[in-house]
Amino acid sequence: MSDPTPINAPIGTRDILPGESEHFATLVATFATWAQRYGFGLALTPLFEDVGVFNRGIGEDSDVARKEMYVFEDRGGRTYALRPEGTASIVRAFVQHHPTTPWKVWYITPAFRYERPQAGRYRQHHQLGVEALGTDDPYLDVEVIALAWRFYEHLGLRQVRLHINSMGHAECRAMYLTQLSAHLSEHSGSLCDEHRDGWSRNPLRVLDCKKEPCVAVTDAGPMLVDFLCEDCREHFATVTSGLDTIGIPWLANPRLVRGFDYYTRTTFEFVAEALGSAQNAVGGGGRYDKLAEQLGGEPTSGIGFGSGIERLLLALEAEKVVLTSKGLDAFVVDTTGGAVALELVERLRAAGLSVDRSYDQRSMKSQMKRADRSGAAVALLVGPSERESGTVTIRDLRNSDVADRQQSVTLADVVASVQDYTNKAK
RNA sequence: GUGGGCGUAGCUCAGUUGGUUAGAGCGCCAGGUUGUGGUCCUGGAGGCCGCGGGUUCGACCCCCGUCGCUCACCCCA
């Protein structure tokens, strides 16, 4: 009947548990703060969508849509997919609800891609990001990029480079694609093994190829920037000069095409140079002026970016940045059976303090050890004599060199005394 | 989808040409200190040596299979 074999988390997924989850939580809280500062409201959308939301959005020929989506059929025969990225769902919600524009939202979500896991790449990872719909004002592009930049900066990342490019709008890109295809066709024999026969399915992808043969061929070929129309050129110039104005360094990268078909005009990527591996993009995004239409809505401009939380945590680790989170204020050590601790921790918690205690009536030495490991600022000791006199002994656990590390306070003064300690520590 | 590496204690890892009771460090528990953590000392618990099969008198070790983890390619966050 029952199989006693333990079951592990699925391939490419992982548990984020205390010890690590504090960093995750601090990172999300930081992003929430910054997104709000920039005027974005939180948007929560379903984890799964009609598969068309993603197919139409990110392009049926993209790798993600072709082979990386978790697609399934529900009991009613509808075909759904777990979201592989954040933008398409948000735009679907925009089309469905017709909010007034400009509509600025931020999100945090798991994202799913069926691919072989490796360092910095998971089948379920977490993304946070923003989307802004309803205007093609280039200053909005600047703001979205600025938000990402300030967020990384505030986290403590110092080795992030902003790569930026313009994909043009539909017409300039079409002109460019004709030229690029002609060039690739002429030199297809010199492309890498993978693209020699496969380049025509998505010529832009060849620009993204890092292999020597492809780089050589595309270097000698036409570049998208040279095909931008007057409007697109001006849009791009306004974005980059806007970045200059507010002091955000950028790097023009004409090869930056990114993986999803919906991008138009501005595209950008944040590369964490501290990450040695190929998985060094901690965030990216761009403008998508056709996506709302593709999802059945009115033509609506939009721009956004997404950032991978796991990648950011790896980048922070690589840069040796430690995200601090608030530890315990106090740990109650009760050697009289634990009933005094019960009341004490409740009172302290009600006063807004973070408090833990030990259980199972362990020895004082054992409880003190736990108090120490807990990282609490102070230990609150209750033994027979304290219980007798209605007092608590407060012991400073962090400053081992000061003389008066312990003091006795009445139960009535405990809350205020602990608050004194934690305020001093700040 | 393709290729490499690795599966031994909670964690990180040793383990001799195949040989008898499988080890260390850290962590955990307890004691040294019957009311005091971090340092130190002592002791203890904890292992189907991933799983299945094969070779052998004998397998953690060699062979095959399988599952899992991991790294890389591809692509991406």
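Throughout, a chain's letter reflects where its sequence line sits, starting with A, and its residues are numbered from 1.
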Let me know the distance between [atom1] of [X] and [atom2] of [N], rounded to the nearest Å.
| X | N | atom1 | atom2 | value |
| --- | --- | --- | --- | --- |
| A:Asn280 | B:C71 | CG | P | 15 Å |
| A:Lys365 | B:C41 | NZ | C1' | 10 Å |
| A:Met69 | B:A77 | CE | P | 14 Å |
| A:Met368 | B:U39 | CE | C1' | 15 Å |
| A:Tyr152 | B:A77 | OH | P | 11 Å |
| A:Asp372 | B:C40 | CG | P | 13 Å |
| A:Glu20 | B:C11 | CD | P | 16 Å |
| A:Ile394 | B:U36 | CD1 | C1' | 15 Å |

Problem set entry | A:Val130 and its side chain to side chain contact (heavy atoms under 4.5 Å, CB included) partner, picked from A:Phe40, A:Tyr38, A:Trp34 |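 So, applying the side chain to side chain contact (heavy atoms under 4.5 Å, CB included) to A:Val130 and each of A:Phe40, A:Tyr38, A:Trp34, only A:Phe40 qualifies.
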
Hunt down the Watson-Crick or G-U wobble partner of [N], both distances under 3.5 Å, from any strand shown, or write none.
| N | value |
| --- | --- |
| B:G7 | B:C67 |
| B:G58 | none |
| B:G43 | B:C29 |
| B:C73 | B:G1 |
| B:U20 | none |

Looking for any heavy atom pair under 4.0 Å, which part of the strands does [X] touch: base, sugar-phosphate only, or nothing?
| X | result |
| --- | --- |
| A:Arg387 | nothing |
| A:Gln279 | base |
| A:Gly120 | base |
| A:Ile309 | nothing |
| A:Arg116 | base |
| A:Ala281 | sugar-phosphate |
| A:Glu386 | base |

Exercise. Relative to the 5' end of RNA chain B, which residue comes earlier, A:Pro384 or A:Gln127, by the nucleotide with the nearest heavy atom?
Worked result: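 The residue closer to the strand's 5' end, by nearest nucleotide, is A:Pro384.
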
Seminar exercise, completed: Assert: residue with more 5' nearest nucleotide on RNA chain B, out of A:Gly284 and A:Lys369, is A:Lys369

Picking from [options], which would you name as closest to the side chain of [X]?
| X | options | result |
| --- | --- | --- |
| A:Ser363 | B:U36, B:G31, B:A77 | B:G31 |
| A:Tyr122 | B:A77, B:G32, B:A72 | B:A77 |
| A:Ile11 | B:G68, B:A72, B:U36 | B:G68 |
| A:Glu68 | B:A72, B:G31, B:C75 | B:C75 |
| A:Arg373 | B:C28, B:U36, B:A72 | B:C28 |

Problem set entry | A:Pro10 backbone acceptor or donor facing A:Thr13 side chain under 3.5 Å |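 Yes; judged by distance alone, with no hydrogens or angles, the pair exists.
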
For this session: Could you tell me whether a side-chain N or O of A:Asp334 sits under 3.5 Å from a main-chain N or O of A:Thr336, the two making a donor and an acceptor?
Result: yes

On a whole-Å scale, what distance lies between the [atom1] atoms belonging to [N] and [M]?
| N | M | atom1 | answer |
| --- | --- | --- | --- |
| B:G44 | B:C62 | C1' | 37 Å |
| B:U8 | B:C69 | C1' | 15 Å |
| B:A59 | B:G54 | P | 12 Å |
| B:A30 | B:G38 | P | 12 Å |
| B:G65 | B:G3 | P | 14 Å |
| B:A22 | B:A9 | P | 14 Å |
| B:G15 | B:C29 | P | 31 Å |
| B:A14 | B:U66 | C1' | 27 Å |

Exercise. What's the spacing between A:Leu184 CG and A:Leu204 CG if we round to 0.5 Å?
Worked result: 9.5 Å

On the nucleotide [N], are OP1 or OP2 found under 4.0 Å from the side-chain N or O atoms that [X] carries?
| X | N | answer |
| --- | --- | --- |
| A:Ser366 | B:A30 | yes |
| A:Gln118 | B:A72 | yes |
| A:Arg14 | B:U70 | no |

Exercise. Does A:Arg265 make a cation-pi contact with A:Phe236 (under 6.0 Å, within 45 degrees of the axis)?
Worked result: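 No, cation not above the ring by the 6.0 Å, 45° rule.
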
Exercise. Does the ring of A:Tyr122 carry A:Arg14 above it, NZ/CZ under 6.0 angstrom from centre and within 45° of its axis?
Worked result: yes

Exercise. Quick one: are A:Arg357 and A:Val345 in side-chain contact, heavy atoms under 4.5 Å?
Worked result: yes

Problem set entry | Salt-bridge present (A:Arg255, A:Asp219; N to O < 4.0 Å) | yes

For this session: Go through the N and O atoms of the side chain of A:Arg398 and the base of B:G38, and report whether any donor-acceptor pair is under 3.5 Å.
Result: no

